[in-house]
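Here is the structure we will look at.
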Amino acid sequence: MTAEAQDVTELLLSRIRDVPDYPKPGVLFKDITPLLADPEAFTALTDVLAGLCSTHGATKVVGLEARGFILAAPVAVRAGLGFIPVRKAGKLPGATLRQAYELEYGTAEIEVHAEDLAAGDRVMVIDDVLATGGTAEASIELIRRAGAEVAGVAVLMELGFLPGRARLEPALSGAPLTALITV
């Protein structure tokens with residue numbers, strides 16, 4: 001890691017607040033709102049993620065509901081790319097593609113407007129946290145079903161003690177997974 005990358009990582013880490021016992025006892029929640037409130041840190045994060053879009057040849061940016069929207073939209077603007085929201089099922093009007101996926105206790109569904117992605121698109125998926133990998137895996141499936149290619153997945157933070165990376169690796173089919181911070 002370069003000195004500049006180390007400085008950015010330290011800046012980002014310094015703006016992430018630990019909240020013990022939230023949302024339930026025994027959980028240490030990583031709150032990114034102080035990072036978002038700090039223009040220097042938020043700009044640094046946006047620049048790094050936009051750089052990854054360029055490096056991996058992305059033509060569009062997907063943000064995963066809900067905090068992924070907050071990160072991905074400014075990245076798309078900075079990189080000069082289109083932003084595509086991947087939403088919880090039932091939140092988008094018109095024709096959509098929908099993908100079900102397994103949660104720890106049950107299932108969920110996400111969807112994207114069918115016309116927003118097409119053959120020839122190279123899509124960077126951006127989210128705040130990689131935990132178990134279910135939502136990211138489902139988004140990769142949606143992107144491919146739309147005929148587009150996955151340029152990569154980038155997250156601010158990976159929870160290294162959970163199996164998200166291992167779950168995603170087969171779905172990535174060689175596309176890069178970048179976590180700026182691993183906790």
Side-chain angles (χ1 to χ4, degrees), residues 22-23 29-33 35-37 39 42-43 45-54 56-159 164 167-168 170-173 175-180:
Y22 182 82
F29 184 78
K30 299 292 190 180
D31 181 13
I32 68 166
T33 58
L35 185 155
L36 300 174
F42 196 15
T43 298
L45 173 60
T46 301
D47 288 346
V48 168
L49 293 173
L52 288 172
C53 290
S54 176
H56 300 304
T59 61
K60 292 197 177 162
V61 175
V62 155
L64 304 182
E65 188 165 333
R67 289 179 301 223
F69 295 173
I70 297 167
L71 303 183
V75 167
V77 169
R78 179 67 46 89
L81 305 174
F83 168 72
I84 312 299
V86 169
R87 306 261 351 239
K88 294 176 183 171
K91 301 287 185 180
L92 292 172
T96 62
L97 295 174
R98 185 176 288 197
Q99 182 67 40
Y101 62 100
E102 297 290 323
L103 297 169
E104 188 175 350
Y105 301 107
T107 61
E109 292 181 317
I110 56 173
E111 60 187 15
V112 66
H113 275 132
E115 71 275 5
D116 288 347
L117 296 171
D121 286 332
R122 287 186 46 79
V123 182
M124 179 64 74
V125 177
I126 295 179
D127 204 5
D128 64 328
V129 174
L130 174 63
T132 62
T135 307
E137 181 183 44
S139 73
I140 290 168
E141 179 63 27
L142 272 178
I143 291 163
R144 290 196 176 120
R145 284 181 46 215
E149 184 180 341
V150 176
V153 175
V155 296
L156 167 59
M157 213 177 343
E158 177 179 355
L159 304 181
R167 179 177 183 170
L168 275 187
L172 286 166
S173 299
L177 168 59
T178 304
L180 303 182

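- Applying the 6.0 Å contact sphere to CZ of Phe29 captures more than 12 heavy atoms from other residues, nucleotides or ligands.
- Looking only at distances, no side-chain donor or acceptor of His56 sits under 3.5 Å from a matching main-chain atom of Val123.
- In this structure, CD1 in Ile110 is found 11.5 Å from NZ in Lys88, a value given to the nearest 0.5 Å.
- Not one N or O on the side chain of Gln99 forms a donor-acceptor pair closer than 3.5 Å with the backbone of Leu142.
- Taking each heavy atom of Cys53 and Ile126 in turn, the nearest pair found is SG-CD1, 4.5 Å.
- In this structure, Ile143 CD1 and Asp121 CG are separated by 9.5 Å, a value rounded to the nearest 0.5 Å.
- Between Leu71 and Leu36, some side-chain heavy-atom pair lies under the 4.5 Å cut-off.
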Just list the side-chain donor-acceptor pairs under 3.5 Å for residues 146-156, sequence neighbours left out, or say none.
from	atom 1	to	atom 2	distance (Å)
Glu149	OE2	Arg122	NH1	2.5

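- Looking at every heavy atom in both residues, Gly63 comes nearest to Phe83 through N-CE1, 3.7 Å.
- Taking CD1 from Ile84 and CG from Asp116, the interatomic distance works out to 4.0 Å, rounded to the nearest 0.5 Å.
- Taking all atoms of both residues into account, the shortest heavy-atom contact from Ala136 to Ser139 is O-OG, 2.7 Å.
- Side-chain contact check for Leu81 versus Lys60: every heavy-atom pair is 4.5 Å or farther apart.
- In this structure, Thr43 and Arg78 have side chains that are in contact, with non-hydrogen atoms separated by less than 4.5 Å.
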Passes side-chain contact (heavy atoms from CB on, under 4.5 Å), Val62 versus Val112? Steps please. CA-CA 9 Å; Val62 155; Val112 66; 5.7 Å; no
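- Atom CG in Leu97 sits 14.5 Å away from atom CZ in Arg144 (nearest 0.5 Å).
- Counting heavy atoms from C-beta on, the side chains of Ile70 and Ile32 never come closer than 4.5 Å.
- Pairing each heavy atom of Arg167 with each of Pro170, the nearest pair is O-CD, 3.4 Å.
- Contact of the Ile140 side chain with the Leu168 side chain is registered, since non-hydrogen atoms from C-beta on lie closer than 4.5 Å.
- Between the CG atom in Leu64 and the OG1 atom in Thr135 there is a gap of 6.5 Å [rounded to 0.5 Å].
- Listed here is the closest heavy atom pair of Pro39 and Ala37: CD-O, 3.4 Å.
- Of all the heavy atoms in Glu111 and Lys91, the pair that sits closest is OE2-N, 3.5 Å.
- Taken to the nearest 0.5 Å, the CZ atom of Phe42 stands 11.0 Å off from the CG atom of Asp47.
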